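In this text the structure is predicted, and so the values were computed from the model without any measurement. In listed order, ligands and their atoms are each counted from 1.
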Amino acid sequence: MTKVLIATEKPFHPDAIPGIKKIAGDAGFEVTLLEKYKEKTDLLDAVKDATALIVRSDKVTSDVIEAAEELKVVVRAGAGYDNVDLDAATKNNVAVMNTPGQNSNAVAELALGMMVFHARGHFNGKSGTELRNKTLGIHAFGHVGQFVAEIAKGFNMDVYAFDPFKDSKEIEKMGVKPVSSVGELYEKCQYISLHIPSNEKTKKSIGYDLLNKMPENATLVNTARKEVINEEELLKVMEERNDFHYLSDIAPDCADQIAENYEGRYFFTPKKMGAQTAEANINAGLAAAEQIVNYIKNNDTTFQVNK
Ligand code: 3PG
């Protein structure tokens, strides 16, 4: 029997589960659910007889992969797969996939939502500022970056983007101004929305030199990963510039220091919330189930990231 385990420390919206079960059930697969687990041993136990695993930001480390003796495929229902040990998966002949684009609108809405919330003083009743006519720089123009651009144009923001992997014509087609260097993006834009993945090249790559290029009343919005920020250097900018603001989907490691010293200049979500919507969970969960069926039945490797 092919067993699909959904292991989500932060559960999918309940409406996502019946759809996943239907797709897997129609293929003759059995689905088990491990939600809100607190201990890693719960995951290690649950994964033992799983053929396929669906996770969100749950850490799929080498011990999880090794405990899962029947495992053929892991699907990270979402975009970033920095939570999966790709080397261990490859070594154990386990395919790893993500579901690109499926939860992007939710993340983009949160990015703009945090910007409005912060610009209006967290709705504290005092006078705030508007997004209209402000410059916004989108750092990486993938699925989420493109949704951010679309929404930001609705706010009448002046939108720029930097992405070394995208043709500038593609960026222009969406009514967004491409810039030729990352430095230029930070120099031009009062708001920067980060959408780079977290990997060996990008970890701690956003630091003092870039951030300090931003014009007066700068706001960095991070709905990507906290790991891409050089936090020591972020603190230096926050210390030197009382016009610098940091909004992040999930608190940085230096959250206490920021909260103690820079009141009114930050906002952090208590848990990673970007993809925490019914729609995103349904889209990503169903895509994960379909990808598992297609991989196991037809060896479809379209979304495999460790080929
Ligand atoms: C992603 O990489 O897709 C987002 O960060 C969503 O992560 P989550 O599923 O843990 O909310």
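Here the protein heavy atom with the shortest distance to atom 10 (O) of ligand 1 is Ser57 OG, 2.4 Å. Among protein heavy atoms, atom 7 (O) of ligand 1 sits closest to Arg76 NH2, 3.0 Å. For atom 3 (O) of ligand 1, the closest heavy atom belonging to the protein is Ala79 N, 2.6 Å.
Ala289 and Ile20 make their closest contact through CB-CG2, 3.9 Å (heavy atoms, listed as atom of the first residue, atom of the second, distance).
The atoms of ligand 1 that sit less than 4.0 Å from any heavy atom of Gly78 are 3 (O). Annotation for ligand 1: atoms under 4.0 Å from non-hydrogen atoms of Ala275 are 6 (C), 11 (O). Close contacts of ligand 1 with Gly80, meaning ligand atoms under 4.0 Å from a residue heavy atom, involve 1 (C), 2 (O), 3 (O). Ligand-side atoms of ligand 1 in range of Lys272: 5 (O), range being under 4.0 angstrom from any heavy atom.
Because its NZ or CZ atom is not both nearer than 6.0 Å to the ring centre of Phe141 and within 45° of the ring axis, Lys166 does not count as a cation-pi partner of that residue.
Relative to atom 5 (O) of ligand 1, the option among Arg56, Glu9, Arg225, Lys10 with the closest non-hydrogen atom is Arg225.
Residues Val47 and Val74 are members of one and the same hydrophobic cluster, defined by side-chain heavy-atom contacts under 4.5 angstrom among Ile, Leu, Val, Met, Phe, Trp and Tyr. Note on Leu53: it does not cluster hydrophobically with Val31, by side-chain heavy-atom contacts below 4.5 Å among ILVMFWY residues. A chain of hydrophobic side-chain contacts below 4.5 Å, direct or via other Ile, Leu, Val, Met, Phe, Trp or Tyr residues, connects Ile192 to Phe244.
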* Kindly indicate, with the supporting measurements, whether the criterion salt bridge (Lys or Arg N to Asp or Glu O under 4.0 Å) is fulfilled by Asp26 and Lys22. => CA-CA 6 Å; Asp26 287 352; Lys22 168 100 177 69; 2.7 Å; yes
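Using a 30° and 60° split on the angle between ring planes, His118 and His245 fall in the perpendicular class, above 60°.
With a heavy-atom cut-off of 4.0 Å, Val107 does not touch ligand 1 at all.
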